[in-house]
Amino acid sequence: MKKIFLTLSLMTAMFFVSCDQNSADDGVQGGTSANRSAVNSQANLASNALVADCENPVSDSAVVTKALTGSSGDYCVWNTTTKTIGSTTVQFEGMYASGIRPAEEGWYVGVVDTSYVCTSGWSTIAAAINVKNATGNVGTSPNCTSVIVPQNVVSAQGTIGSLNFGLGYYTYASQAFSITKKIVIWKDDFETDPTAYSDPTKTNGDITEAYLIEVTSIVPTFGTPPFYGTVSYTYTKVL
């Protein structure tokens, strides 16, 4: 009789141990599943946010006035203004506000053909970027102050009069602007020098944010001084 009681007791104890273990395993599996769902949910939210950016480009304009003296064709007699693009700012400067320069450390600029759009995807856009700071793309203008320099800015393409702007996004002839490129700005967490070359195709995590900018018009306004220029544009987040 004692043997039967002891055997039943042992079987009962083993049953509860087994139940406890199964319960613990279920908890671990449930927690892992929940974590995986959370990660997937975050990834989906990020993906959806990028799609939303592509479907809803932001439109804005920048106005820059000219000093009361000096020629309108002199880049250095125009004032500057900054505008927010996503999480960063850019500076509009030079003739009729047409110079566009990243205003914050670690941001760089280049151009792509107008056929590229937000939904082209960052890797495709990045591979097509002609970087302003690349060898052969930097002209001798502008050269106004310690910060308004030829590097890391896009304005006119090539030479206008005696000024060589290097790589740009529009051509200018007979007082008419012809916009030929879109602009891309990107954040490089590894670079800080605005004169440095930043490779937008890096995939090691250095490139953390990017925007595609389309300038839709550059409008000079003359009349009672000061003269001014208005640049209208749209932008979308592409990274």
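Note: E105 CD to T192 OG1 = 5.0 Å, rounded to the nearest 0.5 Å. One distance of note links CD of Q91 with NZ of K83; it measures 13.5 Å at 0.5 Å rounding. Between C118 atom SG and N56 atom CG the span is 10.0 Å, to the nearest 0.5 Å.
Contact check for F165 versus P150: no side-chain heavy atoms found under the 4.5 Å cut-off. A 4.5 Å side-chain heavy-atom check between P194 and W107 finds every atom pair outside the cut-off. Using a 4.5 Å heavy-atom cutoff, the side chains of T201 and S123 are not in contact. At least one side-chain heavy atom of T124 sits under 4.5 Å from a side-chain heavy atom of Y116. Two residues are said to be in side-chain contact when any heavy atoms from C-beta on lie closer than 4.5 Å; R101 and P142 meet this criterion. Considering only heavy atoms from C-beta on, V112 comes within 4.5 Å of L212 through its side chain. Counting heavy atoms from C-beta on, the side chains of V153 and I100 never come closer than 4.5 Å. Annotation: side chain of I213 is not in contact with side chain of V184 (no heavy-atom distance under 4.5 Å).
In this structure, a donor-acceptor pair under 3.5 Å is present between the side chains of T89 and E104. No side-chain donor from either of N143 and S141 sits under 3.5 Å from a side-chain acceptor of the other. Judged by distance alone, the side chains of N164 and T140 never bring a donor and an acceptor atom under 3.5 Å apart. Checked by atom type, the side-chain pair D113/S115 shows no donor-acceptor distance below 3.5 Å. Between the side chains of E191 and Y197, no donor-acceptor pair is found at a separation under 3.5 Å. In the model, S98 has a side-chain atom that pairs as donor or acceptor with a side-chain atom of Y170 under 3.5 Å.
The closest donor-acceptor contact from the side chain of N137 to the backbone of G166 lies at 3.5 Å or more, if one exists at all. A donor-acceptor pair is defined here as one N or O able to donate and one able to accept, closer than 3.5 Å; such a pair exists between the side chain of T145 and the backbone of V147. Q157 places a side-chain N or O within donor-acceptor distance of the main-chain N or O of G168, the cut-off being under 3.5 Å. In this structure, the side chain of N152 does not engage the main chain of K132 through any donor-acceptor pair within 3.5 Å.
Paired with S87 under the rule side-chain hydrogen bond (donor to acceptor under 3.5 Å, both in side chains), one option of K187, E209, K237 passes, and it is E209. When each of W78, Y96, F222 is paired with F227, the ring-ring contact (aromatic ring centres under 6.0 Å, His included) condition holds for F222 and for no other.
Between W186 and Y211, the ring center distance fails the sub-6.0 Å criterion.
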**Message:** For D188 and K202: C-alpha separation, side-chain torsions, deciding distance, then whether salt bridge (charged side-chain N to carboxylate O under 4.0 Å, His left out) applies.
**Reply:** CA-CA 9 Å; D188 189 330; K202 289 190 291 186; 3.0 Å; yes

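Under the 30°/60° scheme for interplanar angles, the aromatic rings of F177 and Y172 are found to be tilted.
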